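Just below is one structure, and these are the notes that go with it.
Note: hydrogens, waters and symmetry copies are ignored here, and every other heavy atom, side chains too, is used. Owing to the predicted nature of the structure, the values given are computational and were not obtained by experimental measurement. Numbers for residues simply follow the sequence, beginning at 1.
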Amino acid sequence: MIYRASPGQVSYGEVIGIILLDSCAPYIPGDVANASTYQYPVRFRKVSGLTVERIFNHDLSLLEKVTEAAFDLKNNGVRAITGDCGFMAIYQQALTEKVDLPVFMSSLLQIPFLCRLIKQNDQIGIITANSESLTEKVLESCGANLPGRIAVGGMEKCQNFRAAFIEEKGDLNRNKVEEEVVLTAKNLLASFPAVRIILLECSVLPPYGASIQQATGLPVFDFITMIDYVCSAVLKKEFQGFM
């Protein structure tokens, strides 16, 4: 077998490229920004200035920098590109048009698919880092503005979650955040009993997906289910077995 070098590329084998916010928090296993979350190599690229506050405010002024990050990942050999915040949906269409790779910037892109898994009168419950930022425009950018099909629970007022990931105090009390996330899920179901699937918008929430499922008994989708799914498409594996 003959291998060919790509000019300017100094490392190889990273399947998924992940564009990161310019933020500071403990990103634990299961978080999109923790490399040990994955069973395959990933490559990270931070966008300077793309803060939590700016992404919550849907700041499009950094599109050029985000696009530059996407091309840097592409030039270093990744096969698909994602992000570490569901609100990066605001860059989805522009990057799709410019970067000749599969681009999936938001966990919210799973919503049209998830709607097909449940009855027409059932709902998808979204747990988000900031319910005020989850606007119709964000949902539209993911093909997911589906009136009556979505119920939302926000984490922005949860003390421990807010301190770690919005105020970026530098510490994370995992157990306390887990309690807050599970309580948010339970409150969501109490308010919207038609919810049959839960989707975690925020990239820091997948570590708590198992606890949410245990507490609710529902399927839980998140960034990692999406990234694993796309990886399985861009990096097909041969099957071994017996007949």
Side-chain angles (χ1 to χ4, degrees), residues 16-38 42-70 72-73 81-92 95 104-108 126-135 137-138 141 152-185 187-188 199-212 222-224 226-227:
I16 302 294
I18 304 173
I19 296 176
L20 300 178
L21 294 175
D22 189 354
S23 60
C24 180
Y27 299 121
I28 64 176
D31 193 299
V32 171
N34 186 308
S36 70
T37 296
Y38 309 96
V42 299
R43 187 180 186 91
F44 296 111
R45 175 61 151 76
K46 183 181 78 171
V47 178
S48 296
L50 185 56
T51 61
V52 171
E53 181 180 6
R54 294 180 82 166
I55 198 68
F56 280 175
N57 289 322
H58 308 157
D59 190 341
L60 288 170
S61 67
L62 289 162
L63 176 58
E64 185 175 343
K65 280 190 172 184
V66 174
T67 303
E68 179 184 313
D72 179 67
L73 291 168
I81 295 172
T82 188
D84 79 330
C85 176
F87 299 117
M88 286 190 186
I90 63 174
Y91 306 121
Q92 174 68 34
L95 293 183
F104 53 118
M105 297 301 293
S106 173
S107 58
L108 301 172
I126 300 176
I127 299 179
T128 176
N130 190 330
S131 59
E132 293 182 359
S133 294
L134 189 57
T135 61
K137 185 176 181 180
V138 170
S141 67
V152 178
M155 296 291 300
E156 64 269 21
K157 294 181 180 179
C158 297
Q159 179 181 352
N160 294 279
F161 178 89
R162 183 175 185 85
F165 301 114
I166 298 178
E167 298 172 356
E168 299 181 29
K169 296 291 183 67
D171 296 320
L172 168 65
N173 187 325
R174 188 196 189 283
N175 293 339
K176 291 293 185 181
V177 171
E178 185 171 60
E179 290 174 3
E180 291 173 342
V181 176
V182 169
L183 181 59
T184 299
N187 289 340
L188 181 63
L199 173 64
L200 309 180
E201 168 274 320
C202 181
S203 65
V204 306
L205 293 180
Y208 315 106
S211 295
I212 294 170
D222 54 35
F223 254 105
I224 306 306
M226 179 182 67
I227 296 171

Between CD of Q159 and CD of E167, what distance do you get to the nearest 0.5 Å? 9.0 Å

Interatomic distance, R43 atom CZ to I19 atom CD1 [nearest 0.5 angstrom]: 12.5 Å

Atom CG of L95 and atom CG of L63: how far apart are they, to the nearest 0.5 Å? 6.5 Å

Are any of the side-chain heavy atoms of T184 and C158 separated by less than 4.5 Å? yes

Sequence neighbours excluded and cut-off under 3.5 Å, please list the side-chain donor-acceptor pairs for residues 54-61, or say none.
unit_1, atom_1, unit_2, atom_2, d
R54, NE, D59, OD2, 2.8
R54, NH1, G49, O, 3.3
R54, NH2, D59, OD2, 3.2
R54, NH2, S61, OG, 3.3
N57, ND2, E53, O, 3.1
H58, NE2, S133, O, 2.8
D59, OD1, S61, N, 2.8
D59, OD1, S61, OG, 2.5
D59, OD2, S61, OG, 3.4

Report the distance from atom CG of N175 to atom CD of E180, rounding to the nearest 0.5 Å. 11.5 Å

Pairing residues for D72 by the side-chain contact (heavy atoms from CB on, under 4.5 Å) criterion, not counting sequence neighbours: R45, N76

Any donor-acceptor N/O pair, S107 side chain to L200 backbone, under 3.5 Å: yes

Go through the structure and list residues passing side-chain hydrogen bond (donor to acceptor under 3.5 Å, both in side chains) with K65, not counting sequence neighbours. none

Considering residues at least two apart in sequence or located in another chain, which fulfil the side-chain hydrogen bond (donor to acceptor under 3.5 Å, both in side chains) criterion with T128? E201

side-chain hydrogen bond (donor to acceptor under 3.5 Å, both in side chains) filter on D84, not counting sequence neighbours, yields none

Are side-chain heavy atoms of L108 and L134 found at a separation under 4.5 Å? yes

Taking the side chain as everything from C-beta on, heavy atoms only, tell me whether L50 gets closer than 4.5 Å to V66. yes

Below 4.5 Å, heavy atoms only, C-beta onward: do L188 and I127 meet side chain to side chain? yes

So CD1 of I90 and CD of Q92: to nearest 0.5 Å the spacing works out to 11.5 Å

For T82 and M226, work out which heavy atoms get closest and say how close. OG1-CE, 4.0 Å

How long is the span from the CD1 atom in I227 to the CD1 atom in I18, to the nearest 0.5 Å? 5.0 Å

With side-chain contact (heavy atoms from CB on, under 4.5 Å) as the criterion, how do M88 and L21 come out once you've worked through the C-alpha distance, each side chain's angles and the decisive distance to 0.1 Å? CA-CA 9 Å; M88 286 190 186; L21 294 175; 3.6 Å; yes

According to salt bridge (Lys or Arg N to Asp or Glu O under 4.0 Å), who are the partners of K46, at least two apart in sequence or on a separate chain? D22

Listed pairs under 3.5 Å, donor-acceptor, residues 23-32 side chains, sequence neighbours left out:
unit_1, atom_1, unit_2, atom_2, d
S23, OG, Y27, OH, 2.5
D31, OD1, A33, N, 2.8

Which residues satisfy the ring-ring contact (aromatic ring centres under 6.0 Å, His included) test with F44, sequence neighbours excluded? none

For E156, side-chain hydrogen bond (donor to acceptor under 3.5 Å, both in side chains) partners two or more places apart: S131

Residues in ring-ring contact (aromatic ring centres under 6.0 Å, His included) contact with F161, at least two apart in sequence or another chain: F165

Test of understanding: with salt bridge (Lys or Arg N to Asp or Glu O under 4.0 Å), list the residues that count as partners of E178, not counting sequence neighbours. R174

Could you tell me which residues satisfy ring-ring contact (aromatic ring centres under 6.0 Å, His included) with F223, sequence neighbours excluded, listed by chain and number? none

